[in-house]
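Step one of this worksheet: look at the structure below.
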Amino acid sequence: MNDESIPGPHNRFFLQTFSELELASALLANHLPPTTLAKLDLKSLRLASGSYIDDELRETSSDLLFEVNHVNGDETVLVYVLTEHKSYQDWMTPFQLLKYMVRIWENRLRDGNSLCVIIPMVIYHGETRWTTSLTLDDIIQASEELKRYVPHFALDLLDLSGLSDEELGKNEHLKPILLLLKYIRSPSLADRLVELLGMIANLTEQGYGVDFFKTVIIYLATGTMQLRRGDLIDAVRVTLKEQGDTLMPTIAQQWANEAREEGRQEGRQEGRQEGKVEGQIGLLERLLGRFVTSEQELANLPLAELNARLQQLEREFSDLRRKDE
């Protein structure tokens with residue numbers, strides 16, 4: 001998944017990473033209760049289509065729905081993962097989850113499927129530990145005699161701000177993603193940056209591809225106020241230097257290749273391609289410490305000139321790596 005129309009850097013990063021079934025499976029295996037996992041055949045995990053979040057919350061929340069078989073193979077279980085990107089905890093989250101679960105059930109009925117169990121999981125990476133409501137019982141104040149009328153379900157909370165790095169799990173693929181989400185708003189992000197990028201680069205070598213590394217760089221460049229431009233530039237240089245030739249083609253080279261390939265498209269695709277190349281040029285200029293060309297100037301350049309400038313920036317980016325080696 002690489003949809004640039006998804007609002008917000010946190011949303012894009014979450015959806016692009018956890019749409020990878022290997023990472024999603026590791027997330028569930030590491031952070032759902034053992035009694036729940038014992039009933040799930042994670043090898044059957046598959047991504048279901050659709051988003052169920054209210055439109056006004058799409059800037060601060062993102063969601064993924066997964067289907068998984070029961071270990072007995074006689075029923076389907078849904079796992080709904082909601083990620084809260086707010087810096088603060090939302091005490092109405094259980095109520096929001098109930099609305100989303102009802103929408104999922106309605107969709108199933110419309111498609112001719114039966115109702116099934118939905119496991120709601122919330123990932124929270126705010127600035128403080130989660131201390132507020134986890135059930136509707138916490139929200140709806142009812143006397144003991146009337147509690148039977150309150151819908152009851154338990155959500156599984158993964159509170160990244162309240163867990164130590166060790167508690168985030170030992171899975172080498174999952175852990176750097178959770179660490180990045182945990183520290184994205186933290187003043188200590190700059191101190192952890194080289195370590196985190198090194199872990200991500202190792203994943204790149206293990207088959208996730210250069211797009212995965214690029215996703216992380218874009219997230220760091222757009223999703224936090226805790227990094228100066230120089231912090232990111234230096235960390236990328238160190239990471240590329242340490243990885244050497246074992247790292248897949250550089251991000252900049254990948255962008256150049258994408259631009260050349262997409263540049264072959266004609267007609268109505270050209271405007272969208274120009275916008276994408278403009279964005280890549282701006283980010284590369286920031287990484288290189290160069291003057292950032294104004295959006296108006298970039299918008300006035302033809303696609304061929306944009307591609308030429310992107311290739312020049314790619315060469316300069318590659319020169320930086322050779323210089324540091």
Side-chain angles (χ1 to χ4, degrees), residues 1 6 10-53 61-85 93-94 96-98 100-101 103-105 107-108 113 115-126 130 134-135 153-182 184 199-200 203 206-208 212 215-216 219:
M1 180 179 294
I6 299 170
H10 301 294
N11 291 340
R12 286 192 292 271
F13 180 70
F14 169 77
L15 294 174
Q16 288 168 357
T17 52
F18 288 110
S19 292
E20 298 280 349
L21 288 181
E22 184 176 359
L23 290 175
S25 179
L27 174 70
L28 303 184
N30 280 267
H31 297 288
L32 283 180
T35 52
T36 300
L37 287 170
K39 301 300 181 182
L40 303 180
D41 176 15
L42 289 184
K43 292 181 180 179
S44 68
L45 189 71
R46 52 203 178 270
L47 185 64
S49 61
S51 176
Y52 300 89
I53 295 174
S61 303
S62 49
D63 62 344
L64 287 170
L65 180 65
F66 299 94
E67 294 182 355
V68 61
N69 294 341
H70 191 280
V71 289
N72 295 334
D74 56 357
E75 63 179 293
T76 297
V77 179
L78 301 181
V79 182
Y80 182 68
V81 182
L82 174 72
T83 301
E84 294 282 18
H85 304 299
T93 296
Q96 292 166 354
L97 274 166
L98 178 61
Y100 305 155
M101 292 164 68
R103 290 170 188 171
I104 293 169
W105 281 319
N107 276 358
R108 285 187 61 83
N113 298 314
L115 299 181
C116 65
V117 171
I118 300 175
I119 300 172
M121 181 179 185
V122 173
I123 302 175
Y124 167 71
H125 62 120
W130 187 283
L134 291 174
T135 69
F153 65 93
L155 63 85
D156 289 301
L157 175 69
L158 175 52
D159 181 3
L160 300 180
S161 62
L163 295 175
S164 68
D165 292 358
E166 291 71 26
E167 290 175 314
L168 291 182
K170 300 185 182 300
N171 184 285
E172 63 177 345
H173 295 176
L174 175 66
K175 189 169 184 177
I177 303 302
L178 297 183
L179 285 172
L180 188 52
L181 286 170
K182 175 181 177 179
I184 196 68
M199 297 170 72
I200 297 296
L203 295 186
Q206 295 174 27
Y208 280 86
F212 190 76
T215 295
V216 171
Y219 184 41

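Computed from heavy atoms alone, side chains included, the values below leave out hydrogens, waters and symmetry copies.
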Taking the side chain as every heavy atom from C-beta outward, state whether [X] and [Y] have any atom pair closer than 4.5 Å.
X    : Y    : result
L27  : M121 : yes
F13  : I184 : no
K182 : L163 : no
D63  : Y100 : no
S161 : Y124 : yes
P120 : L82  : no
L40  : L45  : no
L157 : T93  : no

What's the shortest heavy-atom distance between P176 and E172, and which atoms?
CD-O, 3.2 Å

Do you know the tightest heavy-atom contact between P94 and L155?
CG-CD2, 4.0 Å

In Å, rounded to the nearest 0.5 Å, how long is the span from [atom1] of [X] to [atom2] of [Y]?
X    : Y    : atom1 : atom2 : value
S51  : N11  : OG    : CG    : 9.0 Å
L174 : L168 : CG    : CG    : 8.0 Å
K43  : N69  : NZ    : CG    : 12.5 Å
L179 : H125 : CG    : NE2   : 13.0 Å
H70  : C116 : NE2   : SG    : 12.0 Å
L98  : R103 : CG    : CZ    : 10.5 Å

Tell me every residue that passes side-chain hydrogen bond (donor to acceptor under 3.5 Å, both in side chains) with [X], counting only those two or more places apart in sequence or in another chain.
X    : result
Y219 : H10
S25  : none
S44  : none

In sequence, state the C-alpha distance, the side-chain angles, and the governing distance for H31 and L178, and then conclude on side chain to side chain contact (heavy atoms under 4.5 Å, CB included).
CA-CA 11 Å; H31 297 288; L178 297 183; 3.5 Å; yes

Going by ring-ring contact (aromatic ring centres under 6.0 Å, His included), name the residues that satisfy it together with F14, two or more places apart in sequence or in a different chain.
F18

Between K39 and V77, does the side chain to side chain contact (heavy atoms under 4.5 Å, CB included) criterion hold? Intermediate values first, please.
CA-CA 9 Å; K39 301 300 181 182; V77 179; over 6 Å; no

Identify the residue among L78, I119, L28, V79 that makes a side-chain contact (heavy atoms from CB on, under 4.5 Å) with V68.
V79

With side chain to side chain contact (heavy atoms under 4.5 Å, CB included) as the test, would you mind laying out the steps for L42 and L37 before giving the verdict?
CA-CA 8 Å; L42 289 184; L37 287 170; 4.1 Å; yes

Starting from the C-alpha separation in whole Å, work towards a yes-or-no answer on side chain to side chain contact (heavy atoms under 4.5 Å, CB included) for I118 and F153.
CA-CA 10 Å; I118 300 175; F153 65 93; over 6 Å; no

NZ (K175) with more than 12 external heavy atoms under 6.0 Å:
yes

Give every residue pair that meets the salt bridge (Lys or Arg N to Asp or Glu O under 4.0 Å) criterion with at least one member in residues 66-78, sequence neighbours excluded.
R46-E67

Any residue meeting side chain to side chain contact (heavy atoms under 4.5 Å, CB included) with P33, in chain and number order, not counting sequence neighbours
T35, T36, D156

Is the side chain of W105 donor-acceptor paired with the backbone N or O of V117 at a distance under 3.5 Å, no angle test?
no

